[in-house]
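First comes the structure, then the notes that go with it.
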Amino acid sequence: MLKLFNTLTGRQDVFEPIEPRKVRMYVCGVTVYDYCHIGHARSALVFDVLRRYLEYTGHAVTFVKNFTDVDDKIIKRAHEQGVSCEAVTQKFIQAYHDDMGKLGVRQASIEPKATEHMAEIIELTGTLLKKGLAYQVDGDVYFNVTKYPGYGSLSKRKLEDLQAGARVEIDERKHHPMDFALWKSSKPGEPAWESPWGPGRPGWHIECSAMSVRHLGETFDIHGGGMDLIFPHHENEIAQSCGASGKEFARYWVHNGFVQINKEKMSKSLGNFFTIREIFEKSDWSEEVTGEILRYFLLSTQYHGPLDFSDQALKEAKSALNGFYDLFGRLAEPGGNAMPDQGLDRSIEHCRATFRAAMDDDLNTPAAIAALQGLRSDANKLLGHGLSTEGRQRVREEFQSLGDSLGLFQVNLDKKWQFKKEIVGAGAVQAGATTVTGIGTVVTPLSDAFIETRITERNEARRNKDFIKGDEIRKELAAHGILIEDKPDGTSRWKR
RNA sequence: GGCGCCGUACCCAAGUGGUAAGGGAGCAGUCUGCAAAACUGCGAUGCAGCGGUUCGAACCCGCUCGGCGCCUCCA
């Protein structure tokens, strides 16, 4: 039974979907005016995992994640670069899909854009005006927070408190400083849509209310996003949606914590952010391996708390993953005996149960990963005693299946996993000799066939106790980033 | 000023009333021609500090110290 920390109630609530076995969830995506950083990656990954886990536990999930493609920052960016807003948004939506794809984040079921929902936005604004919850000033329409009694219930704030500290620019036309724009009249040169209040564009919050109703209905199960969206964005969404429909909006509000750098929030204003593509570009590892490292790192802390990003953290994630992939490599080898696999069932069952208990406990991914580590340890011991081919297959499948809800272990990386950095430039060696090439020379990756041949030669030499030659071949391959592991039966396995 | 979060070993990180998971790093050992991997063992008598509640607290309460977030665009 899944429990989720619900910002609305301030505690963990047992998750029960409105319709059994069906989940409707909406997550606030990004404003597409720039490349995404790790903070965006964490948020996307957290809700991707929530969706995967709900599916793993037998739910049909309708997952809506929007793109905000009308916004001041987009207009500004387009202006700076002398291109259209569409050019900016198209570029960064594409970049979003590229970056998140590399991270193994699946696309949402529906990814609506604000600009494609103008009719709904205008209609909703009209409804709020009709109901007296909004008012018009010149070409602008504002939501009247004092007319909505529940205002502040999500963020646990009182209007009076907000007034006291808010450094809001005083806009004389607003009835209350916290009133927010539903519709903004457009200045010349800005994107504009026709409306009953004149040409303009929607405020930030209204799009999510309009798009969620359109795609999920007035009341749905889960609404998510980053911590920083609790106020004012989600508070305002609730006011708009509940105000208009008179019904409950989203039942469970889930918010992820921030990625930090040296204990400080990663943000553009502090200039301490790393974009996802920057990390992939700078990585010593292939794209697939880097994606896996990042996922493991981002899931190594429970989603609700802060997470500190560092090179060391990434290295630790890599080392931990090496252990799994070492095991996967061995599991792919043929089994040693046909004896009943003693204790295998119990290990798998235990892992499955602890994994689910961890995930049910508010998506406790670090504890879930610990369960996987437990199975890794058990499997290594079982292999030591000789595990049948079928048993190996079953363990591998279990990792595949549980890993799927975390987005881990998915690609068949058994042979693509990199244990060693590719040697570039220094210490390159030619077959059979020890010629060092100059710095900056890129070593051509060795073909599998060549590696196999050399290993056969080496093992022949070892049989003849010619360890000098054996070690030479090991060195030669090592210079190309190939690690040889000798097995007790005189044969060897290798990895890159 | 208002609201809120956090402080667990060298590092990361679970645990939220019953006597400290897991990973990384390290050390020692087994195996091995060597190496790697794997396995085994070692590692916080204590969970920022001080009080209190309790048979019993890292977990509950109070205070103190330290770090951070939101209240303004923000995942």
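Chain letters run A, B, ... following the sequence lines, proteins first, then strands; residues in each count from 1.
Between A:H223 and A:W253, the ring-plane angle classifies as parallel under the 30° and 60° cut-offs.
The base of B:rG1 has none of its N or O atoms less than 3.5 Å from a complementary donor or acceptor on the side chain of A:R157.
Between A:K265 and B:rC70 there is a side-chain polar atom (N or O) within less than 4.0 angstrom of OP1 or OP2.
To the nearest 0.5 Å, atoms OH (A:Y303) and CG (A:N364) are separated by 10.5 Å. Note that CD of A:Q240 is 5.5 Å distant from CG of A:L182, once rounded to the nearest 0.5 Å.
Within 4.0 Å (heavy atoms only), A:N256 reaches at least one base atom of the nucleic acid. At the heavy-atom level, A:Q373 lies under 4.0 Å from the strands shown only through sugar-phosphate atoms. A:S310 comes within 4.0 angstrom of no nucleic acid atom, judged by non-hydrogen atoms across all strands. Residue-level contact check: A:M227 touches neither bases nor backbone, having no heavy atom under 4.0 Å from any strand. Among the atoms of the strands shown, none is found under 4.0 Å from any heavy atom of A:G470. Using a 4.0 Å heavy-atom criterion, one finds that A:G39 contacts the bases of the nucleic acid, with or without backbone contacts as well. Note on A:R376: only backbone sugar-phosphate atoms sit closer than 4.0 angstrom, heavy atoms only; bases stay farther off. Within the 4.0 angstrom heavy-atom criterion, base atoms lie near A:D471. Across all strands, A:V27 comes closer than 4.0 Å to no nucleic acid atom at all (heavy-atom distances). Within 4.0 Å (heavy atoms only), A:A313 reaches no atom of the nucleic acid at all.
Looking at A:R52, its side chain does come within 3.5 Å of a backbone N or O of A:D404 through a donor-acceptor pair.
A heavy atom lying under 4.0 Å from RNA chain B marks the following residues of residues 228-241 of chain A, by number: A:D228, A:L229, A:F231.
Judged purely by distance below 3.5 Å, without hydrogens or angles, the side chains of A:E207 and A:N66 pair a donor atom with an acceptor atom. With 3.5 Å as the limit, one finds no donor-acceptor pair spanning the side chains of A:W417 and A:D326. For the residue pair A:Q94 and A:D98, a side-chain donor N or O sits within less than 3.5 Å of a side-chain acceptor on the partner. Under 3.5 Å, the side chains of A:R376 and A:Q373 contain a donor-acceptor pair of N or O atoms. In this structure, a donor-acceptor pair under 3.5 Å is present between the side chains of A:T7 and A:H255.
Checked against B:rA75, B:rG23, B:rU72, the side chain of A:M178 finds its nearest nucleotide in B:rU72. Listed nucleotides B:rA36, B:rA75, B:rG22 differ in distance to A:K495; the shortest reach to its side chain belongs to B:rA36. Here B:rA21 is the nucleotide among B:rG33, B:rC73, B:rA21 with the atom lying nearest to any side-chain atom of A:A370. Checking B:rG22, B:rA75, B:rC34 against the side-chain heavy atoms of A:S43 singles out B:rA75 as nearest. Out of B:rG33, B:rA37, B:rC68, the shortest distance to the side chain of A:R330 is found at B:rA37. For A:D486, the side-chain atoms get nearest to B:rC34 when compared with the rest of B:rA75, B:rC34, B:rC39. Side-chain proximity of A:S319 to B:rC70, B:rA37, B:rG24: nearest is B:rG24.
Across A:R173, A:H175, A:K184, a single residue satisfies side chain to side chain donor-acceptor pair (under 3.5 Å) together with A:Y142, and that is A:R173.
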Give each protein N/O atom lying under 3.5 Å from an N/O atom of nucleotides 13-17 of chain B, with the pair distance.
| from | atom 1 | to | atom 2 | distance (Å) |
| --- | --- | --- | --- | --- |
| B:rA14 | OP1 | A:Q302 | N | 3.0 |
| B:rA14 | O3' | A:N364 | ND2 | 2.8 |
| B:rG15 | OP1 | A:N364 | ND2 | 2.9 |

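Comparing the C1' positions of B:rA13 and B:rA44 gives an interatomic distance of 14 Å, to the nearest angstrom. On the C1' atoms, B:rA9 is 11 Å away from B:rA20, given to the nearest whole Å.
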